[in-house]
Amino acid sequence: MATPKSNQSRMYVPEPPFRPGDTPDYSHISVPTDHTPHRPDPMCDDHETVEHALKLIRVMRFNGETAGEWVPGLTPDVKRKMLKDMMLTRAMDDRMFAMQRQGKMSFYMKSRGEEAVSVGHAYALSDQDMVFPTYRQQGILIARGASMLEMMNQCLSNSGDPLQGKNIPVLYSFRKHGFFSISGNLGTQLIQAVGWGMAEAYKNEDGIASAFTGEGATAEGDFHYALNFASTYRAPCIINVVNNQWAISSFQGIAMGDGESFAARGTGYGLATLRVDGNDILAVYAATQWAAERARQGGGATVIEHFTYRAEGHSTSDDPSKYRPANESEVWPFGDPVERLKTHLVKIGEWDDEQHEAFAKEAKLFVRETYKQAEALGTVEHGPQLDDFTMFEQVYADPPELLLEQKEMFRKELG
Amino acid sequence: MPHMSMIEAIRDAMDVKMSQDASVLTFGEDVGYFGGVFRCTAGLQEKHGLHRCFDTPISEGGIVGIAIGMAANGLRPVAEIQFADYIYPGYDQIASEAARLRYRSNGDFICPLTIRTPVGGGIFGGPTHSQSPEALFTHIAGLKTVIPSNPYDAKGLLIAAIESDDPVLFLEPKRLYNGPFDGDHESPSVSWKGHALGDVPSGHYTVELGKARHVSEGPDVTIIAYGTMVWVAEAVAANLGIKADILDLRSLVPLDLDAIETSVKKTGRCVILHEATRTSGFGAELMSQVQERCFYHLEAPIRRVTGWDTPYPHAQEWAYFPGQKRVTAAVREVLEAA
């Protein structure tokens, strides 16, 4: 059989609206201006949130005003701290990206454009809640007060790395900050989070689990296992889909086809569903707070789609200009999450350009100084380095004889 | 001392641990109200409550996934996969997640879960109810793989598995659930009643993971087996009238290397048995270990007797199964080698 040309075949393969060289135009994405999705009681029937899977919860208008039923009652101090945490996350990302380019580490993943999702989410959770993140929620660690030095040590796999070089950069594990060990196998953490939440319920404890996935990995079976089990056992958890439009080079349509929205995937499972402007940190906070309250009160799980945009490459190994227009991020209709919150704080007279500039400098300086401390503890290439024998540790609680034998073989190999 | 079938011993192990420790719970397909398709969990829901022993959706990836989350959160779940043949949708969660969680988090999170599942032929289950996939799991660092051959060991090993801080795959030879196996396919199944290995102490005891059982001692040949094949080994040795050193490994990871090495150095001859497919089976690992450790003591090439490299057939179940005829031929060959 002759291979049909794409335009001759009846088989359908979705394609993104534009490719490199095209002029990106997001006019097909409607930007709601009325800020109307109703805020139901968090213990409402799941059917009352069906419309929320298609609409978009927004709190901040582009002029910085807030409107609608979802406006959270946060003090200016808290909002300023949110802004600073987003700025710190971005400053760390920028520094680590540059350092990777200088060969100081093997790999890095930035979260530019998505800082509101992680930081806003973290602010709405309690300390006893366990987050099951992906590799683009470093903002949660920053917001929860994790040591940036320890984070950097992990990325550098240096002598101060809490994971002792066992895992690649960015795949953190910080139990003390309610941050579950990140897997590189996508989607697997979602169903584990449901189990964690079930265990909290079994133990009659108040904690909930909050799991993240990118929109691409919603195609994994684990996403569907998670939704099904969360529904079956009314597990106290939140399933967050960060729809940043791109899974490496595949646009979101490859994961979803012509589905209505990623949030809508929860509707058929009998779960509450919310779709939120992921570049509006106050909306992210409000949606998370609603879902957390529902989970804590026994109402079960909520699927939240965070509608956002991955403003940079998937990782340091990726060149997004090869598959999307170079200026695509600039025309993203929901703006930049840092600028959005800044505009709001300026509007309400709680922030100004000078303060912003000053903190941007302060963040940059802090990140630079912290990085210096980290580099003094070594990089993956330069000492001081980890003891190679640590690779044999923590494979088992009690290592089998064969593993101990291999450790001795390695000792002999070193001479 | 009460007599128990392997099913009863497995149930008793779970009952003992669930009575002792509120962090132990068990779940899987049909495990709750009905008590499991093999009845391994019968009565546990009634005794310990709906939230300690419950049914799950038909979703092996989901079952293992929630077990990992629970284990990381301080519980000791015992998840049942209805047949080992169904384990593959849960494979990623077992191999990539449960087995590696401790390592990748450098001990920040651990995963003390047990996955129970019936393995092997004996019920004419064809290619979808008869597999022995142990080799796919023994290759995975961070996971332990256990397989009992009798009720006494099954209870003690399962309690040890539940108490282990490592994830354990607990494989249950379904041919041995209701009674011992005389190695003859034509024989009707008999009850464990009256068999010494069916004498199972009540209450708590453990059988250490990683210690082989010396089924019989003898200078003629070492036969290394596990699960159902232990019984074939015994039958063959008895029929040939030889004094064989038969080892029941009981766990593949950890492996009792000392017992293997000591035995093969004593006999100089070694036959390895397993029911699973031959190529890249666990027998290949055992042959390598024996060759590396005992080469200068060997008086004959090591032989392994296994199932064929086919899916487990339905009508030809006993032609696939490495029964007495195949094992006898291999043992004879090894004994007769100069």
Side-chain angles (χ1 to χ4, degrees), chain A residues 130 132 161-168 171-176 179-185 187-203 205 207 209 211 220-222 224-226 228-229 232-233 235 237 390-391 393-403 405, chain B residues 22-23 25 27 51-52 54-57 59-75 77 89-90 92-93 95-113 141-144 164-167 209-210 251 253-258 285 289:
Chain A
M130 182 61 70
F132 288 70
D161 174 8
L163 306 185
Q164 291 189 297
K166 290 183 167 69
N167 217 337
I168 61 169
L171 299 196
Y172 305 109
S173 177
F174 280 96
R175 190 180 189 123
K176 62 188 171 187
F179 196 90
F180 196 75
S181 157
I182 300 174
S183 177
N185 290 40
T188 49
Q189 70 281 4
L190 301 168
I191 179 67
Q192 294 164 13
V194 175
W196 182 284
M198 288 170 73
E200 286 292 299
Y202 173 79
K203 294 190 281 187
E205 287 173 5
E220 293 280 7
D222 298 70
H224 301 276
Y225 305 154
N228 191 29
F229 277 69
T232 300
Y233 301 109
C237 56
T390 59
M391 74 177 158
E393 290 168 8
Q394 300 290 352
V395 184
Y396 292 89
D398 46 337
E401 196 182 336
L402 275 173
L403 185 59
E405 244 185 49
Chain B
S23 68
L25 48 147
F27 47 85
H51 60 303
R52 301 285 306 279
F54 56 89
D55 293 321
T56 63
S59 174
E60 289 75 17
I63 292 166
V64 180
I66 62 164
I68 292 170
M70 289 174 172
N73 197 357
L75 303 185
D92 186 38
Q93 286 288 345
S96 310
E97 300 293 317
R100 294 203 297 227
L101 182 59
R102 172 188 287 274
Y103 192 74
R104 75 172 196 229
S105 71
N106 199 32
D108 200 25
F109 293 93
I110 65 167
C111 195
L113 68 83
L143 188 68
K144 291 179 176 174
S164 167
D165 281 341
D166 294 312
L209 306 183
S251 84
V253 179
L255 182 63
D256 193 341
L257 289 158
D258 293 341
E285 176 62 34
Q289 292 292 344

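All values below come from the heavy atoms of this structure, side chains included, with hydrogens, waters and symmetry mates left out. To find a chain, count down the sequence lines: A is the first, B the second, and so on, and within it residues start at 1.
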Asks: Between B:P89 and chain A, which part of the residue has a heavy atom less than 4.5 Å away: side chain, backbone, both or neither?
Replies: both
Asks: Which bit of A:E200 comes within less than 4.5 Å of chain B, counting heavy atoms only: side chain, backbone, both or neither?
Replies: both
Asks: Under a 4.5 Å heavy-atom cutoff, which of A:A199, A:P162, A:P400, A:A397 has the most pairs with chain B?
Replies: A:A397
Asks: What residue in B:V64, B:D165, B:L75 has the most heavy-atom pairs under 4.5 Å with chain A?
Replies: B:L75
Asks: Under a 4.5 Å heavy-atom cut-off, does chain B meet the side chain of A:L190, its backbone, both or neither?
Replies: neither
Asks: Below 4.5 Å from any heavy atom of chain B, which atoms of A:M391 appear? Answer side chain, backbone, both or neither.
Replies: both
Asks: Quick check on A:T232 against chain B: is it the side chain, the backbone, both or neither that has a heavy atom closer than 4.5 Å?
Replies: side chain
Asks: Side chain, backbone, both or neither: which part of B:D92 has a non-hydrogen atom closer than 4.5 Å to chain A?
Replies: side chain
Asks: Would B:T56 and A:F229 count as a side-chain contact (heavy atoms from CB on, under 4.5 Å) here? Give the steps.
Replies: CA-CA 8 Å; B:T56 63; A:F229 277 69; 4.2 Å; yes
Asks: Which heavy atom in B:Q93 sits nearest to a heavy atom in B:G61, and how many Å separate them?
Replies: CG-O, 3.7 Å
Asks: For B:E97, what residues pass the salt bridge (charged side-chain N to carboxylate O under 4.0 Å, His left out) criterion, not counting sequence neighbours?
Replies: B:R104
Asks: Can you say whether A:F132 sits under 4.5 Å from chain B via the side chain, the backbone, both, or neither, judging by heavy atoms?
Replies: neither
Asks: For A:D161, which atoms come within 4.5 Å of any heavy atom of chain B: side chain, backbone, both, or neither?
Replies: neither
Asks: Do you see a donor-acceptor pair shorter than 3.5 Å between the side chains of A:E220 and A:N185?
Replies: no
Asks: Let's test your reading of the structure: which of A:V194, A:T390, A:D222, A:T188 forms the most heavy-atom pairs below 4.5 Å with chain B?
Replies: A:T188
Asks: Under 4.5 Å, counting heavy-atom pairs only, tell me which of B:S105, B:A71, B:G74 racks up the most with chain A.
Replies: B:S105
Asks: Taking all atoms of both residues into account, what is the closest heavy-atom pair of B:P57 and A:Y233, and its distance?
Replies: CD-OH, 3.5 Å
Asks: So for B:L209, is it side chain, backbone, both, or neither that comes closer than 4.5 Å to the heavy atoms of chain A?
Replies: neither
Asks: Given heavy-atom pairs under 4.5 angstrom as the criterion, report whether the side chain, backbone, both or neither of B:L257 touches chain A.
Replies: both
Asks: Can you say whether B:V253 sits under 4.5 Å from chain A via the side chain, the backbone, both, or neither, judging by heavy atoms?
Replies: side chain
Asks: Between B:I63, B:L25, B:L143, which shows the greatest number of heavy-atom pairs under 4.5 Å with chain A?
Replies: B:L143
Asks: Counting only heavy atoms closer than 4.5 Å, note whether A:Y202 contacts chain B via side chain, backbone, both or neither.
Replies: side chain
Asks: With sequence neighbours excluded, what pairs up with A:E401 under the side-chain hydrogen bond (donor to acceptor under 3.5 Å, both in side chains) test?
Replies: none
